[in-house]
Protein chains: 2
Amino acid sequence: MAVTADDVATVAGVSTATVSRAMRGLPRVSPKTREKILAIAEDLGYVASSSASGLATGRTRTVGVLAPYVNRWFFSAALDGVCQELHGRGYNLSLFNLGGGRSRNRDRAFNRTMVQKHIDALLVLCTPLTKEEIKHLHQVDMPLIVIGGPVIGCSSVAIDDYAVAEQATNHLISLGHKDIALLHGDDDSALKFAVPILRIKGFKDSMVRAEIPIRKQWDRFGDFTAVSGRRALVSLWEQPGPRPTAIFCASDEMAFGVIFEARRLGISVPGDLSVIGIDDHELSEAVGLTTIRQSPTDQAQIGTKMLLDELAGHRGAVRTVVASHELMVRDSTAPLQVSRPSHARARGPGA
Amino acid sequence: MAVTADDVATVAGVSTATVSRAMRGLPRVSPKTREKILAIAEDLGYVASSSASGLATGRTRTVGVLAPYVNRWFFSAALDGVCQELHGRGYNLSLFNLGGGRSRNRDRAFNRTMVQKHIDALLVLCTPLTKEEIKHLHQVDMPLIVIGGPVIGCSSVAIDDYAVAEQATNHLISLGHKDIALLHGDDDSALKFAVPILRIKGFKDSMVRAEIPIRKQWDRFGDFTAVSGRRALVSLWEQPGPRPTAIFCASDEMAFGVIFEARRLGISVPGDLSVIGIDDHELSEAVGLTTIRQSPTDQAQIGTKMLLDELAGHRGAVRTVVASHELMVRDSTAPLQVSRPSHARARGPGA
DNA sequence: GTGAAAGCGCTAACAT
DNA sequence: ATGTTAGCGCTTTCAC
């Protein structure tokens, strides 16, 4: 089990200092000795203890990732981006999951503790943070980047959520729609997470600019899941009065829910209802969902690279970057049918 | 930055040993002293260096997770399970992503190196491993568990993939289907991963037992993604000759692809084609997909618990467990229509 | 180019 | 109940 640098040194007939230098590719070791040491290390299965070198150098070669979820589209895609970048650079990844809805405060403090003295840099994935938490993060003096949403006082890599929502809404408007419902996400209202708010604002401003009235009765809350999308459509269709001809969904997963439920209710998409999402989820193409593409993987990769560059000594490497987005027009949106039949049921599911 | 146990000790007027005991809740510290030390530590923002304590104890309080992907359903769900269990137990999670398809061998060796001297236990997520890799894992003498698939010589937590495939197939057969296509996953053939193979075998044995001929021309390969499901259906429908009335998909994501593409092609599900999957993906209910449910989250949680129990001194805690599964009948499967119209196109997408 | 020695910050016997 | 002391395994001056 415990094969140490001493063991290698003894076998090689050199000192541990030389072993250390040889293993890390430092100069001041003759090619011959290095080769010999490397061979012996390989042979003995020697791997430097990260605890020991961490203690000696003050560096753990580990980047921490703070995430509220790990199994939702944005977060798992971003995690993949982090892994990709960390890879060849020889860094480890330490994952801190805040556990989304469940177990709020106590665990958060716990995590703050765990983070310290353990990692060289921290990447925060689109987490709603309290003011106090932000303060704590700054106290821990290490490179820090936020992915997927702006946080005051922190550098971040994210799309311009306001512009994205605006563009999505304009797409609907340009197709002639005026009766547009809004399905917004708001899964952490207490913490005032910026992303849902920005998307709502983008939608509303766009409507106002086009002089289209926003109907409050077509406003629905979702939690970024497909299930909440289904619920929203049902409640929209159950309510008396006129019905929207289009719906702006703040995320693709909610848009999926709307589309799947529409099929059940016999509502034709895009015949009766145009649906647009935001994200370009991996299933969106297969579903034929019109959406605005963003790449959490790319964003996370960029953020990780900045962190690593900063650690490598490039001061100022970590900075705020606005990531790109792109409208993907597919089959779920269509021009408004001027004279369309009333929203009668067409047929049962799958018929 | 560097507030050490010494600092706390000095302020508190005690020795570092007492600080260490107090911080870790060990006995042999008077309640008064403990309280005082805890207060000062809190005040100074003291957190023990994990490198230092790791070096001193030989334990890092970190569990490693080895995964081929982090952004696919099974893996991200499992990761969530690991996080949940690790949480309150004060353990950290170190993530090693093998990077799925890209960059095969070199990186794998790299990871093996990183793993050692860094973690106390290892959880392997459903990874196709070479014989040599398995050998290496055993050499690293630490608790080890595999989630989601059997690996020779290792304890594992997984469903009985053979039985699951059998049950799914039997469901189709019991509905009267005889013309059943097979869409199997096989994303890592070179490494002979057991799961796809077991699922294929379960399907075939079930067919043979029911004395139903297996038609080779209805066999399709997929890679567990929706896109591959779409492709499979297209090629199935393009080919001349009779068409299947049902399709067994080795994963829900591939089944999604089949269903979405069916809609495009005007094939009614389940009218013309019954579709069954395996997994019970988070979107399956919304899609109305009949499937066999498994919970990677639960499996990972069980596996992690065993690992932690073993580390806590319960020898024999790590062992092989067969996880449960359950048939979820929804809207994508139906009894065979004895006299059905030919597979004519019904209408365009979304119409 | 290589070695000796002094830590890094903690833990764990052993004293007291 | 508390302090003293000796490492844990590596890195890093500083000599040679």
Side-chain angles (χ1 to χ4, degrees), chain A residues 1-38 40-41 44-62 90 92 113-114 116-120 140, chain B residues 1-38 40-41 44-62 90 92 113-114 116-120 140 311 313:
Chain A
M1 177 63 198
V3 37
T4 72
D6 257 326
D7 299 331
V8 178
T10 306
V11 175
V14 297
S15 72
T16 60
T18 306
V19 171
S20 177
R21 282 188 285 252
M23 294 299 295
R24 292 180 300 154
L26 295 183
R28 306 162 137 269
V29 185
S30 77
K32 274 183 73 166
T33 336
R34 160 166 296 129
E35 215 172 311
K36 186 177 173 189
I37 290 174
L38 257 34
I40 291 172
L44 267 46
Y46 169 71
V47 179
S49 151
S50 58
S51 293
S53 62
L55 181 55
T57 59
R59 297 226 152 174
T60 56
R61 289 194 80 77
T62 296
N92 276 121
T113 299
M114 303 286 317
Q116 298 186 39
K117 308 284 185 78
H118 189 96
I119 58 179
D120 296 339
V140 185
Chain B
M1 178 63 199
V3 37
T4 72
D6 258 326
D7 300 331
V8 178
T10 306
V11 176
V14 296
S15 73
T16 61
T18 305
V19 171
S20 177
R21 283 188 284 253
M23 294 300 293
R24 291 180 301 154
L26 295 184
R28 307 162 139 266
V29 185
S30 77
K32 276 183 70 165
T33 333
R34 160 165 296 129
E35 215 172 311
K36 186 177 173 188
I37 291 174
L38 257 34
I40 292 172
L44 266 47
Y46 168 71
V47 178
S49 152
S50 57
S51 294
S53 63
L55 181 56
T57 60
R59 298 219 149 183
T60 56
R61 288 196 80 77
T62 296
N92 276 121
T113 299
M114 304 285 316
Q116 298 186 40
K117 308 284 187 76
H118 189 95
I119 59 179
D120 296 339
V140 185
L311 289 175

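What you see is a predicted model, and the numbers here were worked out from it, not measured in a lab.
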Checklist entry - What does nucleotides 10-16 of chain C look like as a protein-contact string, B for base, S for sugar-phosphate only, - for none, at under 4.0 angstrom between heavy atoms? => result BSBB---
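- With rounding to the nearest 0.5 Å, the separation of CZ in A/R24 from CZ in A/R34 is 11.0 Å.
- Of all non-hydrogen atoms in B/S15 and B/A9, the two that sit nearest each other are C-CB, 3.7 Å.
- The CZ atom of A/R21 sits 4.5 Å away from the OG1 atom of A/T18 when rounded to the nearest 0.5 Å.
- The two residues B/Y46 and B/T4 have their closest heavy-atom pair at CE1-C, 3.5 Å.
- Between B/S50 atom OG and B/R59 atom CZ the span is 15.5 Å, to the nearest 0.5 Å.
- Closest approach of B/L311 to B/D120, counting heavy atoms only: CD2-O, 3.6 Å.
- The residue among B/L55 and B/T18 whose nearest nucleotide of DNA chain D lies closer to the 5′ end is B/T18.
- The two atoms that bring A/V47 and B/K117 nearest to each other are O-NZ, 2.6 Å, heavy atoms only.
- Between A/S51 and B/L55, the shortest heavy-atom contact is CB-N, 3.6 Å.
- Interatomic distance, B/T60 OG1 to A/H118 NE2, rounded to the nearest 0.5 Å: 8.0 Å.
- Interface limits on DNA chain D: the 5'-most and 3'-most nucleotides within less than 4.0 Å of chain A heavy atoms are D/dG9 to D/dT12.
- Residue contacts for A/S51: at a heavy-atom cut-off of 4.0 Å it reaches no nucleic acid atom on any strand shown.
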Item to check | Secondary-structure notation, DNA chain D, from Watson-Crick and G-U pairs under 3.5 angstrom (| other strand) | outcome: ||||||||||||||||
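- The two residues A/M23 and A/I37 make their nearest non-hydrogen contact at SD-CG2, 4.5 Å.
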